[in-house]
Amino acid sequence: MFNRERDRLEAIIRNYYAEKGLPEPDAIQWNAIPFAGEWGISTSFFQLAALEARRGANAPGTPIPERAQQIALEIADRIGVPAGFSHVEAVKGYLNLYYLTSEFTSRVISTVLSEGQDFGRGMTKSERVMVEYAQPNTHHSFHMGHFRNAILGETLSRLVEFAGFPTIRASYPGDIGLGVITIIWMYQKFYFGQEPQGVHERGQWLLKLYVEASRLFEPKENESPQEKALRETYDAERRELYRKWDAGDPEVRALWKMTREWSLEELRVILDMLDIHIDVWFFESEVDQPAKAIVEELIQLGVADDERPEGPVIVRIDEKLGLKKEKYRTNVILRSDGTTLYLTKDLALAKEKFEKYGVDRSIYVIDVRQSLYMQQTFKILELWGFKQAEKCYHLGYGFVSLPEGAMSARRGRLALFKDVYDEALRRVLLEIEQKNPDLAAEQRELVASQVGLGALVYAMLSVDNNKDIVFDIESALNFDGRTGPYIQNAHVRASSIIRKAGGLPEVAPYEGELTNHEIQLVELISRFPATVQQAANEYRPLILASYAYDLADAFHSFYHAVPVLQAETEQTRASRLLLVAAARQTLANALRLLDIAAPDVM
RNA sequence: GCCCCUGUAGCUCAAUGGAUAGAGCAGCAGCCUUCUAAGCUGUUGGUUGUGGGUUCGAAUCCCGCCAGGGGCGCCA
């Protein structure tokens with residue numbers, strides 16, 4: 001936020017380097033002074049000293065830390081105390097410049113309050129980004145693994161968008177495949193005409209059919225010849241159904257469409273609950289035909305080898321790339337019966353994204369287990385001559401399992417999002433009953449939903465992308481400490497103070513000596529814009545999630561230690577009220593990017 | 001066999017190659033007639049899996065080893 005001061009300092013430092021004939025580094029690295037309650041910027045001279053020593057210049061034989069300290073001292077002397085700073089010191093090879101806190105605080109607060117919801121937003125950029133996430137299979141129910149994916153994709157989208165990039169949100173449900181066909185077969189054979197009432201009930205019922213069907217297709221131990229024959233008959237029926245679907249049989253397609261819609265309806269309802277609004281819906285079934293055309297092209301180009309009818313169509317990726325060691329291996333892009341695969345469809349989808357939607361960068365938020373497939377897809381695109389292949393990025397994330405082990409629909413070991421959500425709601429309502437019994441009845445449901453979701457969302461975002469999550473409902477629905485509700489509560493407390501104050505005073509210079517709590521709070525607020533950029537650049541919502549917690553932590557400490565409404569003087573009261581308003585705004589902006597609601601009461 | 005990820009406090013996790021490795025939970029001791037106690041304050045807890053290397057400086061980068069997880073041609 002304070003680039004002006006920085007630029008001026010850098011000019012002085014560079015002048016000094018030039019004068020002394022010191023090697024000039026590409027960039028001067030500034031960091032925050034890492035001491036609690038101190039606010040300012042810092043840089044060090046170890047690299048410079050090391051560079052100098054390597055060239056054998058100036059003071060030969062001086063240990064690097066000592067030489068760094070010499071330089072720091074000389075520069076401190078040269079700089080003096082620039083405008084806007086209270087004091088400057090050279091310590092252990094570091095140059096520390098401390099802000100005049102009241103002046104900087106005034107600037108931070110007026111910036112936040114005038115920019116409001118846009119505080120922290122990056123300059124608009126021209127590069128258009130598409131984020132693909134929310135790819136659950138239809139005919140299944142939305143579970144906590146899908147939830148992590150949806151939240152990660154959504155927060156990433158919000159971050160990238162807020163950082164200044166035009167952003168398109170894309171969903172890609174897997175609406176066809178043998179699993180889907182299996183459920184339709186089950187429905188047609190044993191449950192034809194049935195239909196449970198209720199959006200979630202219907203979705204979960206299809207999952208039940210899948211579990212039942214899986215049992216029918218699993219060979220039993222000591223299977224009798226009759227049982228085996230029956231199983232094989234069923235399997236033949238199922239394959240025939242898939243063939244019919246592929247051929248466009250109207251009856252099969254109608255059945256498929258109806259059940260598919262049941263799933264999609266539930267998906268839309270859940271995404272709506274999560275405040276996720278997808279711009280573009282792609283379906284696997286829709287890229288099926290274009291994918292086949294690409295396969296033909298790849299065969300013509302000699303990229304793919306057609307081994308039909310004995311085998312499938314494959315791409316020997318390493319060989320085509322001229323690699324000696326196996327890395328991307330070989331993959332099948334068309335079955336011997338001419339039907340497409342998951343990877344094949346992704347080739348067609350990539351083309352559509354870039355050409356139809358004009359995106360410049362394409363991010364895939366997909367489970368890390370599909371890493372190899374993603375790399376293979378990108379490499380085949382490259383071999384095909386698709387230049388934008390290098391603009392495709394797979395954001396992998398660790399999968400969600402349960403304390404009992406991996407989730408498995410067939411074993412009925414599944415944490416369905418709707419069930420977890422209902423439980424969250426129940427627990428938050430109990431909590432409200434206990435902690436805020438005065439909360440108006442008509443507000444309770446809404447607040448409970450916001451807080452429950454806040455807890456669940458934060459549980460997903462407080463772990464880095466590449467780490468697995470063992471989803472334990474007890475710890476996810478803990479509302480104390482490093483959690484969503486803790487951050488929401490800071491926002492609630494800030495709102496409460498402003499409400500009781502009956503409005504905000506005019507923005508004016510900050511009055512009074514700042515306490516350490518105030519300094520720490522305002523320092524964190526000032527860091528928000530840079531934190532947004534970093535999180536967006538690194539595709540890591542965790543960075544913002546950690547920041548939001550730190551900000552809430554600083555606010556809670558401030559809240560406890562520093563009186564606002566009861567401040568000693570009217571001016572101090574006014575200044576602190578504005579600080580509270582700035583903190584509240586920054587908390588709200590951070591929570592919004594994290595897809596967590598910022599309630600005024602809880 | 002090859003490739004990828006992970007290993008930090010009892011547990012769950014942080015830490016752009018930089019100053020004293022930090023939080024939460026759990027444990028212990030306090031704080032509600034003061035702006036919401038979903039909170040605050042204090043405190044216990046570490047050979048960063050292990051052995052080398054690079055560097056002025058390594059949890060972080062490189063190599064070996066150990067342990068756990070994942071992925072490797074017609075599932076998605």
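To find a chain, count down the sequence lines: A is the first, B the second, and so on, and within it residues start at 1. The structure displayed is predicted, hence computed values, not measured ones.
In the model, A:T340 has a side-chain atom that pairs as donor or acceptor with a side-chain atom of A:D288 under 3.5 Å.
Candidate nucleotides B:rC35, B:rG71, B:rA19 were compared by shortest atom distance to the side chain of A:P34, and B:rA19 ranks first. Distance from the side chain of A:K92 is smallest for B:rU20 among the nucleotides B:rA76, B:rU20, B:rC35.
Among the heavy atoms of the strands lying under 4.0 Å from A:I432 is at least one base atom, whether or not backbone atoms are also near. As judged by a 4.0 angstrom heavy-atom cut-off over every strand, A:V315 is placed among residues making no nucleic acid contact. A:T330 comes within 4.0 angstrom of a nucleotide base, judged by non-hydrogen atoms across all strands. At a threshold of 4.0 angstrom between heavy atoms, the contacts of A:V313 with the nucleic acid are absent. Residue A:R493 is in sugar-phosphate contact alone, with no base atom involved, counting any heavy-atom pair closer than 4.0 Å across all strands shown. At a threshold of 4.0 angstrom between heavy atoms, the contacts of A:D318 with the nucleic acid are absent.
For A:D468 against B:rU6, no side-chain N or O and base N or O form a donor-acceptor pair under 3.5 Å. No hydrogens or angles were tested; on distance alone, a donor-acceptor pair under 3.5 Å links the side chain of A:N96 to the base of B:rA19. The base of B:rC25 is not paired with the side chain of A:R482 by any donor and acceptor separated by under 3.5 Å. A donor N or O paired with an acceptor N or O is found under 3.5 Å between the base of B:rC74 and the side-chain atoms of A:S336.
Within residues 534-553 of chain A, the residues that have a heavy atom under 4.0 Å from RNA chain B are, in order of number, A:R540, A:Y549, A:D553.
Anti is the glycosidic conformation of B:rC11, whose angle departs from 0 by more than 90°.
When the options A:Y373, A:F378, A:F282 are evaluated for a ring-ring contact (aromatic ring centres under 6.0 Å, His included) with A:Y364, the one that passes is A:F378.
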* Tell me, for nucleotides 28-33 of chain B in 5' to 3' order, what letter each nucleotide earns: B for a base near a protein heavy atom under 4.0 Å, S for only sugar-phosphate near one, - for neither? -> ------
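Between A:Y210 and A:H139, the distance separating the two ring centers is not shorter than 6.0 angstrom.
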* Asked: For RNA chain B, what string of dots and brackets results from 5' to 3' when Watson-Crick and G-U pairs need both distances under 3.5 Å, crossing pairs get [ ], and pairs with another strand get |?
  -> (((((((..((((....[...)))).(((((.......))))).....(((((..]....))))))))))))....
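Counting only distance, with no hydrogens or angles, the side chain of A:H556 and the backbone of A:Y486 share a donor-acceptor pair below 3.5 Å.
What you find for A:V451 and A:M602 is that their closest heavy atoms are CG2-CE, 4.1 Å.
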